[in-house]
Amino acid sequence: MEQRRVRAILHVDMDAFFVSVELLTRPELVGKEVIVGHLGDRSVVLSASYECRAKGVKSAMPMSQAVRLAPRATIIEPTHGLYSKYSAKIMEIFFQITPLVEQLSVDEAFLDVTGSMRRLGTPEAIGELIRSRLRNELGLPASVGIASSKFVAKVASTGAKPDGMLVIYPHQTLEYLHSLPVNALWGVGAKTAATLKEMGISTVAQLAQTPQKLLSKRLGATGTHLFELAWGKDEREIQTTREEKSIGAEETFALDVHDDAIVKREILRLSHRVAFRLREAGKEASTIALKLRYEDFSTLSRSRTLPMPSNAAGEIAAVAESLLDKLGSRPMPIRLVGVRAEKLRDVGMGMQLSIDPQDEHWRQAEATMDLIRSKFPASALRPASLLEPLHGETEQ
């Protein structure tokens with residue numbers, strides 16, 4: 001009987017992706033301290049060059065803290081639309097290598113190249129081919145981890161950064177894993193790390209030697225999961241399609257907001273963003289959720305199920321605004337507002353009927369807006385009520 005061929009999984013992760021893309025048109029900043037993000041007390045770092053990271057700057061860090069750590073850094077405002085453009089080119093290169101690509105984000109993916117080796121050579125040769133194409137065709141650096149499982153490949157790509165490649169052969173897997181700190185394992189966040197520290201566990205090797213029953217008793221299903229990872233057990237296949245469970249957008253205001261009119265205007269803007277992304281994904285939402293964060297950082301969320309699934313901005317905004325109204329008077333000013341579409345389904349799974357012809361007019365208008373955006377991506381087409389500029393939006 002023919003033996004099962006060992007899988008070859010690559011995890012490709014672009015290095016400081018947003019910064020690298022911006023430096024394509026700013027070569028004079030290569031090798032210098034660069035941060036991509038909005039200036040402002042409530043803004044966060046979107047990406048930082050490795051020169052900044054050496055000083056402790058990290059993604060998602062408050063910009064005010066990042067500037068204190070790297071006061072000489074050049075701050076670049078993000079170029080919206082540019083990163084997704086380069087992401088599409090990156091993924092196109094991956095799909096030319098293998099059809100088994102699992103995109104994790106705009107700048108990283110898993111590739112199963114087991115079936116590509118007869119055509120392209122060893123996993124190492126394929127990894128170098130990918131890195132060479134990304135550098136020569138797009139001008140972008142990437143780090144590659146190679147292993148027989150997704151988990152170990154991702155850990156290896158982290159170890160290869162920046163701009164390197166690390167191969168972990170099957171016979172090296174346990175030796176490599178057991179040399180790592182326990183927070184290298186998926187699922188070990190601050191809370192889990194604290195629990196493990198109480199148990200005297202700080203390395204993957206120590207965790208691997210801890211009885212599974214004890215880990216399960218203290219950590220539940222997470223304990224079993226971590227025990228298996230510590231022994232290199234990860235049989236998950238490449239998922240070539242990723243089903244979005246929700247689509248949302250949120251805004252952190254520059255100043256805390258008291259005025260309902262301002263909040264509702266922002267809800268309308270976010271609803272149009274969410275509706276556009278729903279239509280772009282070919283989805284409709286059955287439930288709409290509203291998120292509010294107050295000045296003391298306390299956060300609440302309310303949701304409501306639609307009579308019929310929809311991807312129309314007007315319907316999404318109407319539900320979100322009614323959820324706001326239902327809250328009544330609020331205890332303090334609002335710091336952040338978010339709109340999220342949940343319980344998604346494919347468009348066309350059910351007939352959406354309306355007795356109000358105005359609903360269909362709005363859907364047609366939004367479809368026309370989508371067509372204009374597709375031909376002119378930089379256009380700022382929006383309802384007249386949203387003509388004043390706003391900033392600070394993030395998407396999930």
Side-chain angles (χ1 to χ4, degrees), residues 1-13 58-60 100-105 108-114 123 143-161 165-246 289 297-299 301 303 342-343 396:
M1 184 172 65
E2 184 180 352
Q3 287 187 334
R4 180 177 179 269
R5 184 162 36 163
V6 175
R7 291 193 306 170
I9 305 296
L10 275 60
H11 180 255
V12 186
D13 195 1
K58 300 177 182 179
S59 296
L100 299 178
V101 177
E102 180 177 347
Q103 183 174 352
L104 301 175
S105 65
E108 64 174 318
F110 286 116
L111 290 75
D112 186 334
V113 299
T114 310
S143 296
V144 176
I146 304 176
S148 59
S149 70
K150 292 165 72 173
F151 162 62
V152 180
K154 183 168 176 62
V155 173
S157 72
T158 301
K161 283 187 171 294
M165 187 172 77
L166 179 60
V167 183
I168 306 299
Y169 296 99
H171 69 276
Q172 299 173 324
T173 297
L174 292 183
E175 180 183 359
Y176 177 69
L177 287 179
H178 293 180
S179 70
L180 300 173
V182 73
N183 59 9
L185 296 178
W186 276 341
V188 179
K191 186 176 180 180
T192 301
T195 301
L196 291 173
K197 185 176 181 181
E198 291 174 2
M199 299 171 67
I201 300 172
S202 60
T203 67
V204 176
Q206 291 172 332
L207 189 146
Q209 297 304 321
T210 303
Q212 183 177 344
K213 288 185 178 179
L214 178 58
L215 290 170
S216 299
K217 184 178 180 181
R218 291 295 301 272
L219 297 170
T222 299
T224 301
H225 168 71
L226 295 179
F227 183 82
E228 291 178 348
L229 291 183
W231 285 101
K233 297 178 181 179
D234 178 20
E235 297 299 324
R236 292 169 306 144
E237 301 291 339
I238 297 295
Q239 302 296 318
T240 55
T241 58
R242 292 172 57 83
E243 190 72 20
E244 287 195 86
K245 296 182 179 179
S246 67
F297 284 87
S298 61
T299 304
S301 181
S303 63
E342 301 175 341
K343 296 183 180 179
Q396 298 81 43

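Computed from a predicted model, the values in this text were never measured in an experiment.
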(request) Report yes if the side chains of Phe227 and Thr210 come closer than 4.5 Å at any heavy-atom pair, otherwise no. (result)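 In short, these two side chains do not touch, never coming nearer than 4.5 Å.
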(request) Compare all side-chain heavy atoms of Ile238 with those of Val101 and state whether any distance is below 4.5 angstrom. (result)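 Heavy-atom side-chain distance check fails, nothing below 4.5 Å.
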What residues, two or more places apart in sequence or in another chain, satisfy side-chain contact (heavy atoms from CB on, under 4.5 Å) together with [X]?
| X | value |
| --- | --- |
| Ala156 | Leu166, Ile168 |
| Thr299 | Lys291, Arg293 |
| Ser216 | Gln212, Thr224 |

From [atom1] ([X]) to [atom2] ([Y]), nearest 0.5 Å:
| X | Y | atom1 | atom2 | value |
| --- | --- | --- | --- | --- |
| Ile9 | Ser149 | CD1 | OG | 8.0 Å |
| Leu196 | Gln206 | CG | CD | 10.0 Å |
| Leu226 | Trp231 | CG | CH2 | 14.5 Å |
| Leu177 | Leu207 | CG | CG | 11.0 Å |

Shortest non-hydrogen contact from [X] to [Y]?
| X | Y | answer |
| --- | --- | --- |
| Ile146 | Pro123 | CD1-O, 3.4 Å |
| Ser157 | His11 | OG-ND1, 2.6 Å |
| Ala109 | Gln103 | CB-CA, 3.9 Å |
| Glu342 | Ala289 | OE2-CB, 3.8 Å |

Could you list the donor-acceptor pairs under 3.5 angstrom formed between side-chain atoms of residues 178-194 and any protein atom two or more places apart in sequence or on another chain?
unit_1, atom_1, unit_2, atom_2, d
His178, NE2, Ala230, O, 2.8
Ser179, OG, Tyr176, O, 2.6

(message) By the salt bridge (Lys or Arg N to Asp or Glu O under 4.0 Å) test, which pairs, at least two apart or in different chains, include something from residues 148-157?
(response)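 Qualifying pairs, neighbours excluded: Glu102-Lys150, Glu108-Lys154.
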(request) Please collect all salt bridge (Lys or Arg N to Asp or Glu O under 4.0 Å) contacts where either partner lies in residues 194-214, sequence neighbours excluded, each pair once. (result)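 The answer is Glu198-Arg218.
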(request) Report, as yes or no, whether the 6.0 Å neighbourhood of atom NZ on Lys343 holds more than 12 heavy atoms from other residues, nucleotides or ligands. (result)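 Counting neighbours around NZ of Lys343, 12 or fewer heavy atoms of other residues, nucleotides or ligands fall under 6.0 Å, so no.
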(request) Taking Ser148 for its side chain and Arg7 for its backbone only, find out whether a donor-acceptor pair lies under 3.5 Å. (result)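 No.
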(message) Looking at Asp234 and Phe151, would you say the former's side chain and the latter's main chain have a donor-acceptor pair under 3.5 Å?
(response)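 Here the side-chain-to-backbone pair exists.
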(message) For Leu111, run the side chain to side chain contact (heavy atoms under 4.5 Å, CB included) check against Val12, Leu100, Val144 and tell me which one passes.
(response)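 Answer to the side chain to side chain contact (heavy atoms under 4.5 Å, CB included) test with Leu111 among Val12, Leu100, Val144: Val12.
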(request) With side chain to side chain contact (heavy atoms under 4.5 Å, CB included) as the test, would you mind laying out the steps for Leu215 and Met199 before giving the verdict? (result) CA-CA 9 Å; Leu215 290 170; Met199 299 171 67; 4.0 Å; yes
